[in-house]
2 protein chains.
Amino acid sequence: MYVLDDINRDLLDLLQTDGRMSFKELGDRIGLTAPAVAERVRKLEDAGVIKGYRAVVDYEALGFPILSIVRVKAPIAGRAVDEKIAALPNVIEANRVTGSDSHVIRARLRTTRDIEDLLADVWEDGETITNLVTSSPVPRRPMNLKATNAGRAS
Amino acid sequence: MYVLDDINRDLLDLLQTDGRMSFKELGDRIGLTAPAVAERVRKLEDAGVIKGYRAVVDYEALGFPILSIVRVKAPIAGRAVDEKIAALPNVIEANRVTGSDSHVIRARLRTTRDIEDLLADVWEDGETITNLVTSSPVPRRPMNLKATNAGRAS
DNA sequence: TCTGAAATGTGTCGGGG
DNA sequence: CCCCGACACATTTCAGA
């Protein structure tokens, strides 16, 4: 497990909030110079702790107002099923899970009609249960590493 | 609905893949100069299409190997419940949904013991069903806007 | 809405503590 | 592991089309 000191923990919290913050500004906030920050960030990237940077896009504004959660009970949950799911561009996440279902899939859709198309694709693999998200009390957010005492040696 | 031209669609796909890409490099890839890119990106931000930028952090590497999905059936699903869930730092997303459950919660946890603590907190609000993610055929990913023909006037 | 050029700000690399 | 100074590079602004 990768152990963080307090500076790296704060760096990660800042970069999770604003992934485009400059090294200089990061340094100003935590009391380091830009080169020192750059080196720490580079090491976090090399270690795989920072996996990348992403712009967060509002899919609703782009015409995908429906967020659906589909649970699948696939009798034979093999690689073929996984790959078929991954090939669907509307799918933004898919997990294999414990319990009576085999997969949990999340997809962004344009219309209710698209739900049928999505289900038709996974239908062949097993029974499905679909929930539509009506609101998000906690929209997808980063963990607050400071609040969770992340990175402390256990 | 916000209508994208092809350039903005490609810009968003690039920024979803690498949120720290410089305006100059973005411009080189799509055939514009840096100032033109900067202006387009600024407008997308102002319009709320780009909601922000985030570093993607590997929580497993930081000691949170468990991703849990908890479905809650809360008889009275009011604001108080939402706020209690939102206050838990391990919760990375919570949705209200249609169907027999009221909420779907995702949380990152350190140990199986933490599952008990999490459930104890939401337990008071209703019955729970918990699934543990064993693998992710599709890890959380951005939508490919080009593949989905996003932003086209319908 | 874009380009091109000038000014400003930031990233990067060396040397040194 | 950090700071400082110097250079290279990116961003911003603005005039012009």
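Because only heavy atoms are used, hydrogens play no part in the values below, and waters and symmetry mates are left out as well, while side chains stay in. Convention: sequence-line order gives letters A, B, ...; per-chain numbering from 1. On a predicted model such as this, the values are computed, not experimentally measured, just so you know.
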Protein-nucleotide distance (B/K24, atom NZ; C/dG9, atom C1'), rounded to Å:
17 Å
Looking at A/R29 and A/D10, is there a salt bridge between them, counting it only when a charged N and a carboxylate O are closer than 4.0 Å?
no
For the side chain of A/A34, counting heavy atoms from C-beta on, which of D/dC3, C/dG11, C/dC2 is nearest?
C/dG11
So does B/K84 have more than 12 non-hydrogen atoms from other groups sitting under 6.0 Å from NZ?
yes
What integer distance in Å separates B/I30:CD1 from C/dT1:P?
14 Å
Cation-pi check, A/R20 onto B/F23 ring (under 6.0 Å, within 45° of axis)
yes
Can you tell me if the side-chain N/O atoms of A/T33 get under 4.0 Å from OP1 or OP2 in D/dC2?
no
Consider the side chain of B/S22, meaning its heavy atoms from C-beta on, and name the nucleotide among D/dA10, D/dC3, C/dG11 that approaches it most closely.
D/dA10
Between D/dT11 (C1') and B/R20 (CZ): distance, integer Å:
14 Å
Out of D/dT12, D/dC3, D/dC1, which nucleotide sits closest to the side chain of A/K43?
D/dC1
For A/M21 and C/dT10, what is the distance between atoms CE and C1' respectively, to the nearest whole Å?
15 Å
Kindly point out which of C/dC2, D/dT11, D/dC2 is positioned nearest to the side chain of A/A36?
D/dC2
I want to verify a distance call: between D/dC2, C/dT12, C/dT1, whose nearest atom is closest to the B/R40 side chain?
C/dT1
Tell me whether the guanidinium CZ or amine NZ of B/R108 lies under 6.0 angstrom from the six-membered ring centre of B/Y59 and within 45° of its axis.
no
What's the CG-C1' distance between A/D6 and D/dC1, to the nearest Å?
16 Å
Could you state the atom-to-atom distance from CG of A/L32 to P of D/dC4 in whole Å?
11 Å
In whole angstrom, give the distance that lies between atom CD of A/E45 and atom P of C/dT12.
10 Å
Measure CG/A/D28 against P/C/dG9 and give the value in whole Å, please.
13 Å
Can you work out whether A/I7 or B/E25 has the more 5'-proximal nearest nucleotide on DNA chain D?
A/I7
Should the heavy atoms of other residues, nucleotides or ligands under 6.0 Å from CD of B/E45 be counted, would the total exceed 12?
yes
